[in-house]
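Below: one structure, written as structure tokens.
To find a chain, count down the sequence lines: A is the first, B the second, and so on, and within it residues start at 1.
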There are 4 protein chains.
Amino acid sequence: MKDRIIENSIRMFGEKGFNETSIQDVVDVLGVTKGTFYYYFTSKEQLLMDIHLQYIDNLLSHQEKIMENQEKDSKSKLYEIIFKLISDIEKQGLSAKVFFREMRNLSEDHLELIVPKREQFRKNIQQVLEDGIVKKEFRSDLPAEIVSLGILGMANWSYFWFNPSGKRTDSEVSGIFLKMLLEGIQRD
Amino acid sequence: MKDRIIENSIRMFGEKGFNETSIQDVVDVLGVTKGTFYYYFTSKEQLLMDIHLQYIDNLLSHQEKIMENQEKDSKSKLYEIIFKLISDIEKQGLSAKVFFREMRNLSEDHLELIVPKREQFRKNIQQVLEDGIVKKEFRSDLPAEIVSLGILGMANWSYFWFNPSGKRTDSEVSGIFLKMLLEGIQRD
Amino acid sequence: MKDRIIENSIRMFGEKGFNETSIQDVVDVLGVTKGTFYYYFTSKEQLLMDIHLQYIDNLLSHQEKIMENQEKDSKSKLYEIIFKLISDIEKQGLSAKVFFREMRNLSEDHLELIVPKREQFRKNIQQVLEDGIVKKEFRSDLPAEIVSLGILGMANWSYFWFNPSGKRTDSEVSGIFLKMLLEGIQRD
Amino acid sequence: MKDRIIENSIRMFGEKGFNETSIQDVVDVLGVTKGTFYYYFTSKEQLLMDIHLQYIDNLLSHQEKIMENQEKDSKSKLYEIIFKLISDIEKQGLSAKVFFREMRNLSEDHLELIVPKREQFRKNIQQVLEDGIVKKEFRSDLPAEIVSLGILGMANWSYFWFNPSGKRTDSEVSGIFLKMLLEGIQRD
DNA sequence: CATGAATGAGCGTTCATTCAT
DNA sequence: AATGAATGAACGCTCATTCAT
């Protein structure tokens with residue numbers, strides 16, 4: 001039941017928004033009553049926190065699996081991270097939507113748990129960049145921190161416009177973004 | 001008074017969010033009553049629309065001034081557009097925050113006015129890219145549409161992290177982003 | 001201006017209702033501001049009172065003119081009173097609507113002025129009936145008070161259904177009502 | 001609780017009017033909170049609709065029982081219908097008051113349900129009249145439609161003046177009205 | 001005469017939350 | 001494990017009224 005509530009509310013929060021979806025809305029769909037909800041969750045915000053944790057933990061563990069791979073070079077890792085972000089829109093787009101849009105509805109206490117994880121995700125990208133600089137794959141005159149933020153922006157922003165059933169696939173978009181990043185758009 | 005209400009609510013909407021700020025909150029700060037608010041605005045959403053219009057119209061008119069300039073090459077124009085977006089965070093960062101975060105609270109009717117303007121802003125970036133391709137400043141094998149979205153993402157995302165009083169200035173960040181974009185991060 | 005306000009509000013109160021019509025609505029149509037309204041009227045209810053007075057005074061004075069006529073018999077007078085009520089729907093239907101529907105919005109003090117006039121109107125009908133009984137025009141075994149109330153009900157109720165541009169004219173309906181009243185609907 | 005709310009609001013709407021009675025007023029009397037009200041009703045208007053339905057359905061079913069009776073002649077049926085209307089003032093006078101006065105506060109959608117029922121009630125009276133004409137109980141030269149409206153007016157209007165504890169009983173008044181109707185007030 | 005700004009009280013409604021059963 | 005009744009605080013909004021200018 002707890003899982004059913006989570007699944008359902010991801011869908012509803014993603015489609016209508018957290019504030020726009022009442023607990024009544026959620027339980028109505030499941031055919032149970034509000035009492036049931038409060039048996040499994042201490043508050044609406046707690047549910048939101050669960051969704052956030054589930055999403056960022058999955059993302060982080062996936063990212064770490066990519067990073068641990070010793071055989072791949074930094075470019076490949078970068079590609080895979082970007083691809084993961086963009087392809088996630090297709091696979092668990094609503095979770096992502098909730099994650100990016102509704103974080104501000106978390107309590108201070110919960111934010112203190114989520115923000116570092118989010119920051120960790122960015123730092124991992126920065127790590128990939130710095131590794132690549134050391135391995136002479138990437139140029140060394142651009143600060144990895146700002147570059148990582150630029151990459152994240154590019155990828156995350158796609159949640160606002162990327163349409164999985166549109167004319168470009170996730171791997172196409174990821175490919176274009178990687179080329180931009182690596183080679184630049186300037187004509188040689 | 002109307003202007004005072006707008007200024008104040010930009011600040012409050014930016015800091016706490018649109019839904020999290022009640023009209024009572026807004027008027028309390030100004031020391032007036034709710035009646036006064038409704039003397040100047042027909043609804044809370046109308047106020048949000050006013051803020052949106054003010055922001056996007058300013059952005060668009062500035063962008064168009066940049067684009068009209070015949071003497072500058074496409075690279076310079078790209079830099080100026082990116083710089084405008086990032087430096088705006090300093091000057092009217094809260095307006096930007098409201099614009100990027102609260103659009104979903106606009107009514108259908110109002111969205112029909114805002115969305116095309118927002119899209120126009122992106123199309124203008126695409127135009128700069130396409131001009132650059134024709135003038136052989138930019139490579140021609142990357143689709144200008146996706147690239148424009150990547151640029152927008154990079155720049156807009158900075159609203160979530162760019163700190164005007166942090167260790168990097170707006171022009172530094174813009175410069176780094178431009179270098180990334182033009183030359184790529186790959187080592188030659 | 002005062003008259004223009006009255007005329008206009010009769011129309012608006014009649015069409016939309018007293019509570020449903022705001023002073024703003026009224027002054028908007030006239031192209032003036034609320035301040036102007038309060039220059040001419042001390043309150044919204046005062047305006048309603050003026051409308052009531054104007055209507056009932058006109059009705060009463062007309063009724064008294066009918067009653068004073070020495071040449072007419074009681075039947076004719078009854079017909080004329082009923083006809084006046086029903087034909088008024090055509091000529092000043094909205095005033096009548098306001099009068100019948102919105103009286104409850106008058107203050108206690110104002111009601112004390114209107115109710116006796118309204119009661120006077122009924123008593124005058126009763127008087128016509130009693131005169132007719134004395135003159136042997138009407139049967140004497142029906143209490144004139146209850147009969148007068150029945151007549152009033154029949155006539156006033158027509159405000160809810162009588163349509164001046166419908167298939168029956170005001171004089172037709174008045175004629176039918178008079179026949180009912182005088183001769184009864186029973187077959188001899 | 002739902003029934004207690006309905007009963008109470010009939011009384012309050014009847015005494016003060018629908019618009020003049022706030023939900024706060026209603027729940028205060030019951031010693032509960034507004035939340036409770038909205039647990040049982042979706043809106044204030046929904047409550048009004050419930051009251052209307054309850055009233056007209058009771059009236060119609062009673063009327064139909066009268067009409068089905070094969071043993072009674074049309075005159076008796078007419079009497080019983082009039083008597084039902086007038087005696088109802090005693091038994092559920094406030095419901096009637098609400099029904100006659102507050103219908104305009106129903107929504108379009110709800111009106112579409114109530115108006116035909118109200119019209120059905122009048123049509124049933126017309127039917128009794130037409131049956132009586134066929135059976136030669138009533139004269140045939142008066143249009144049954146207008147006569148039915150006159151009868152309804154007479155009876156309904158009594159809600160504005162009939163006082164159950166006054167000097168005339170409901171059956172007295174009904175009797176007088178029936179005599180008026182059948183025999184007319186004219187002296188033979 | 002008329003305006004325009006402001007008030008303040010009230011209203012219908014929503015909704016997360018509680019709790020006895 | 002789940003229900004259903006109830007709470008209470010807040011919210012967006014309306015509107016008759018006031019008053020300095």
So does A:Tyr39 get a side-chain nitrogen or oxygen closer than 4.0 Å to the phosphate oxygens (OP1/OP2) of F:dA2? no
Assert: residue with more 5' nearest nucleotide on DNA chain F, out of A:Val32 and B:Thr42, is A:Val32
Provide the Watson-Crick or G-U wobble partner of E:dA20, both distances under 3.5 Å; none if there is no partner. F:dT3
Rounded distance (Å) that lies between atom C1' of F:dA16 and atom CZ of C:Phe41: 15 Å
Would you check if C:Tyr159 and C:Lys97 make a side-chain contact, meaning some heavy-atom pair closer than 4.5 Å? no
Please report the closest heavy-atom contact between A:Ile56 and A:Arg118, naming both atoms and the distance. CD1-CA, 4.2 Å
Tell me if the side-chain of A:Lys34 makes a donor-acceptor pair with the base of E:dT17, cut-off 3.5 Å, by modelled atom types. yes
Parallel under 30°, tilted from 30 to 60°, perpendicular over 60°: which one fits the rings of C:Phe13 and C:Phe18? perpendicular
Atom CG of C:Leu113 and atom CG of C:Leu106: how far apart are they, to the nearest 0.5 Å? 10.0 Å
Between CD of B:Glu45 and C1' of F:dC13 the distance, given in whole Å, is 14 Å
Which residues in residues 16-27 of chain D have at least one heavy atom lying under 4.0 Å from any atom of DNA chain F? none
Complement of E:dG8, any strand, by Watson-Crick or G-U distances under 3.5 angstrom: F:dC15
Rounding to an integer number of Å, can you tell me how far D:Leu30 CG sits from F:dA6 P? 10 Å
Rounded distance (Å) that lies between atom C1' of F:dA5 and atom CZ of D:Arg4: 13 Å
Under the salt bridge (Lys or Arg N to Asp or Glu O under 4.0 Å) test against B:Asp25, which residue among B:Arg11, B:Lys16, B:Lys34 passes? B:Lys16
Taking NZ from B:Lys2 and C1' from E:dG4, how many angstroms apart are they, rounded to a whole number? 14 Å
If we ignore angles and hydrogens, is there a donor and acceptor under 3.5 Å between the side chains of D:Glu102 and D:Asn19? no
Check whether any side-chain N or O of C:Tyr38 sits under 4.0 Å from OP1 or OP2 of F:dT17, and answer yes or no. yes
What is the distance, rounded to the nearest whole Å, between atom CG of D:Asp3 and atom P of F:dA5? 13 Å
Angle class for the D:Phe100/C:Trp157 ring planes (parallel below 30°, perpendicular above 60°, tilted otherwise)? perpendicular
Check whether any side-chain nitrogen or oxygen of B:Thr36 sits under 4.0 Å from OP1 or OP2 of E:dT7, and answer yes or no. yes
Counting side-chain heavy atoms from CB outward, which of F:dA2, F:dC13, E:dT17 is closest to A:Thr33? F:dA2
Could you check whether D:Tyr40 gets within reach of a base, just the sugar-phosphate, or nothing at all, counting any heavy atom under 4.0 Å? sugar-phosphate
Name the residue closer to the 5' end of DNA chain F, choosing between D:Phe37 and B:Lys44 according to the nucleotide with the nearest heavy atom. D:Phe37
